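For ligands, and for the atoms within them, numbers begin at 1 and follow the listed sequence. Every value quoted in this text rests on a predicted model; they were computed, and no experiment measured them.
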Amino acid sequence: MLERLQKIISAAGITSRRASEELILNGQVSVNGVVMTELGTKADPSVDTITVNGKTLNVKEERLYILLNKPSGYITALKDSQGRKLVTDLLKDVPERVYPVGRLDYNTEGLLLLTNDGEWANRLMHPRHEIEKEYHVRVRGKVVEQQLKRMAEGVELEDGMTAPAVVRLVKSGEQNDWISVTIHEGRNRQVRRMCEAVSLSVVRLKRIRYGSLSLGTIREGQFRYLTDVEVSELAGLPTKVSTAKSLKAGVEHSQGKAAQKRVPREPRNAVEGNAPPAVKSAEKRGRPGQDRKPFAPKTESGRRMPKKP
Ligand code: URA
């Protein structure tokens with residue numbers, strides 16, 4: 001975003017707005033190598049290189065990484081011509097604009113990641129990384145072994161065969177069965193189409209895991225910030241040692257009112273060399289609450305995906 005130079009310099013913690021104007025007037029500030037002496041000059045700190053007395057400002061936007069338990073009836077697009085509810089409606093108090101990592105259908109529930117770090121999101125979504133996504137699916141009636149086997153081996157869809165998947169029965173009920181489907185592709189409506197291909201009718205679909213991250217006990221419609229370690233692990237980056245601050249990042253957030261007390265940003269000494277790390281998990285405090293009854297109970301073997309702190 002374009003902003004006045006003096007605002008950028010003072011926001012970077014170098015000096016006050018007034019003193020920043022002096023720096024500009026004295027020819028001590030340059031943008032992309034060109035000295036700027038006009039007070040009205042604007043620059044975009046996310047793309048322009050701004051230097052003060054030859055030192056480059058590091059004014060990177062705070063990176064946010066969010067895990068939301070998406071309810072059914074929300075779309076993952078950022079706007080909708082039909083006026084349907086958007087997942088970002090659930091994040092009103094998040095201070096920066098964030099974008100969903102991939103998509104979930106309007107009626108799909110569960111784990112959705114959102115971030116303003118495009119590089120991280122692209123890394124996660126790149127097919128090369130084959131990140132596993134696990135879904136619990138409630139299907140009408142009874143499944144038979146052959147249906148699970150076919151889904152596991154790969155089924156023919158209109159956009160080609162699906163890659164092998166891990167498919168198993170989780171629970172058998174009177175009216176419905178629950179199955180778990182783990183895939184690493186990210187095709188549109190893939191799980192629903194895989195089910196259709198073996199004549200299974202989907203009643204409910206919920207993503208419960210994305211790579212190393214499990215949905216855990218976060219309630220429907222609530223979100224939490226990822227820890228630094230989770231952010232790094234998920235993208236297959238070297239794991240950073242968490243700070244005390246980032247360890248608190250797993251707190252659940254409810255929408256609105258008192259729940260959203262924001263911890264003030266650390267003051268930045270933004271001249272390069274002293275800048276804070278670009279990956280920064282903001283922390284917020286949320287209202288602790290009762291867990292909602294889980295959509296699918298434990299697996300037959302009693303196995304649960306490992307919980308993150
Ligand atoms: N597969 C689907 O069919 N729908 C989703 O939302 C996600 C995976």
Problem set entry | Any residue meeting side chain to side chain contact (heavy atoms under 4.5 Å, CB included) with S30, in chain and number order, not counting sequence neighbours | V35, T51
Note down each nitrogen or oxygen pair, ligand 1 side and protein side, whose separation is under 3.5 Å; give only atom names and the distance to 0.1 Å.
| residue | atom | partner | partner atom | Å |
| --- | --- | --- | --- | --- |
| ligand 1 | 1 (N) | V191 | N | 3.1 |
| ligand 1 | 3 (O) | R189 | O | 3.2 |
| ligand 1 | 3 (O) | Q190 | N | 3.4 |
| ligand 1 | 3 (O) | V191 | N | 3.2 |
| ligand 1 | 3 (O) | R192 | N | 2.9 |
| ligand 1 | 4 (N) | D105 | OD2 | 2.7 |
| ligand 1 | 6 (O) | D105 | N | 2.7 |
| ligand 1 | 6 (O) | D105 | OD2 | 3.4 |
| ligand 1 | 6 (O) | T108 | OG1 | 2.8 |

Exercise. Is the closest basic N to carboxylate O distance between D80 and R84 below 4.0 Å?
Worked result: yes
For this session: Return yes if a side-chain donor-acceptor contact under 3.5 Å exists between T162 and Q190, otherwise no.
Result: no
Problem set entry | Set of residues satisfying side chain to side chain donor-acceptor pair (under 3.5 Å) with respect to R140, sequence neighbours excluded | S201
Problem set entry | Salt-bridge present (K149, E145; N to O < 4.0 Å) | no
Problem set entry | Pairing residues for N122 by the side chain to side chain contact (heavy atoms under 4.5 Å, CB included) criterion, not counting sequence neighbours | M125
